[in-house]
Amino acid sequence: MVSLTGKDILNGEQFTREEIDLIFTVADDFRDQLRDKPALNLMNGYVLAALFFEPSTRTRLSFETAMHRLSGNVIGFSSAESSSTAKGETLIDTIRTVDQYADIIAMRHPQIGSANEAASVANAPVLNGGDGAGQHPTQALLDLYTIRRERGDVNGTTIVLCGDLKNGRTVHAGVEVYKHFQYNLIMVSPEQLKMPADITSRLRGYGVHIRETTSLEDALAEGDVLYMTRIQKERFADPDEYERLKGSYILTREMVERIRPDLTILHPLPRVNEITSDVDSLSTAAYFRQVRNGVFIRMALIALIMGKV
Ligand code: NCD
């Protein structure tokens, strides 16, 4: 019997195929149930702490919306500056404190490994909403769920990942959840921003067919799904290097219509300039549906981890 009760959600690698199927089934069920009411009475009285030491719009508001739509309560902070981190408190002490208040903790922090560190001291389950350039497992699940919804099946697809594959935590976690399916992977990035070699070699070990290229147009000719990402400015030590690379890839409507009119287009958002706004009205531009899917996935995770479904 598959169960997520009491589990931490720390990385993309941790999920079995059975767990992914369960999360998606519950997410689909919650979506159906919310068609005719605003909230489900599953988490009354429970408290989710949303601890965001790094900027966020979607991940934080999506976790908060998910908890509210399960009739639970939310506490938290949205910047390190407004927490005692600004006074020099360690992450461990902050987590030990919040553990006295909350039943479940969602967090984002600039350090790789911070969510694991938090999970090692918290009694409450910890959900990693992004640890620096490390992992972002809840985003990976909602991305996979979106591909499945948009295309019917993940098997048989060619997925193109484009942009900052070195620093992008959504793609680091994403490839770990896609590995359960038979798909082809094309990775498009500047040489300086390639997917870390340890991840690529692990993927080859899983048997994933991989092609790496610097040309987005070449990749699009073969791709079914494009997962566009932002060049992660905040991870660059050298601002000039960021300036040189920030315009590396820009997807336009003209490119989609010319090369691959039925391309499914995803982006974790925020976008800076990598998808022009005239793409938004294409029926296959799925990034705002992807945002909505995130609420159902996070509702499913919270309810499953708290043993409510
Ligand atoms: C991403 C993130 O924060 O890693 N956004 C998100 O969570 N939806 C991607 C990004 O910031 O570029």
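What you are looking at is a predicted structure, and each value in this text was computed from that prediction instead of being measured. When a ligand or atom number is given, it counts from 1 through the structure's own listing order.
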*asked:* If the cut-off is 4.0 Å to any non-hydrogen atom of Gln232, which atoms of ligand 1 fall inside it?
replied: 10 (C), 12 (O)
*Answer with yes or no whether Gly130 contacts ligand 1, where contact means a heavy atom under 4.0 Å from a ligand atom.*
no
_Residue-ligand contact Thr170/ligand 1, heavy atom below 4.0 Å_ = yes
_Arg108 heavy atom under 4.0 Å from ligand 1_ = yes
*For His136, atoms of ligand 1 separated by under 4.0 Å from a heavy atom*: 2 (C), 4 (O), 6 (C), 7 (O)
*Are Thr65 and Arg298 close enough that a side-chain donor and a side-chain acceptor fall under 3.5 Å?*
no
*Which is closest to atom 4 (O) of ligand 1 by heavy-atom distance: His267, Arg169, Arg60?*
Arg169
*What atoms of ligand 1 come closer than 4.0 angstrom to any heavy atom of Gln139?*
6 (C), 7 (O), 8 (N)
*Could you tell me whether the side chain of Asp103 and the main chain of Val47 form a donor-acceptor pair under 3.5 Å?*
yes
*Tell me, which protein residue and heavy-atom name are nearest atom 11 (O) of ligand 1, and how many Å apart are they?*
Arg230 NH2, 2.9 Å
*Where is the nearest protein heavy atom to atom 8 (N) of ligand 1: which residue, which atom, and how far?*
Pro268 O, 2.9 Å
*Please determine which of Leu266, Leu251, Val188, Thr158 meets the side chain to side chain contact (heavy atoms under 4.5 Å, CB included) test together with Leu226.*
Leu251
*Would you call Arg260 and Asp224 a salt bridge, using N to O less than 4.0 angstrom?*
yes
*Taking atom types as modelled, is there a side-chain donor on Glu89 or Thr94 under 3.5 Å from an acceptor on the other?*
yes
*Protein contact of atom 5 (N) of ligand 1 - nearest heavy atom, named by residue and atom, plus distance*: Leu269 O, 2.8 Å
*Go through the side-chain N and O atoms of Tyr183 and Asn155 and say whether any donor and acceptor fall under 3.5 Å apart.*
no
*Same hydrophobic cluster for Tyr178 and Phe24, using side-chain heavy-atom links shorter than 4.5 Å among ILVMFWY?*
yes
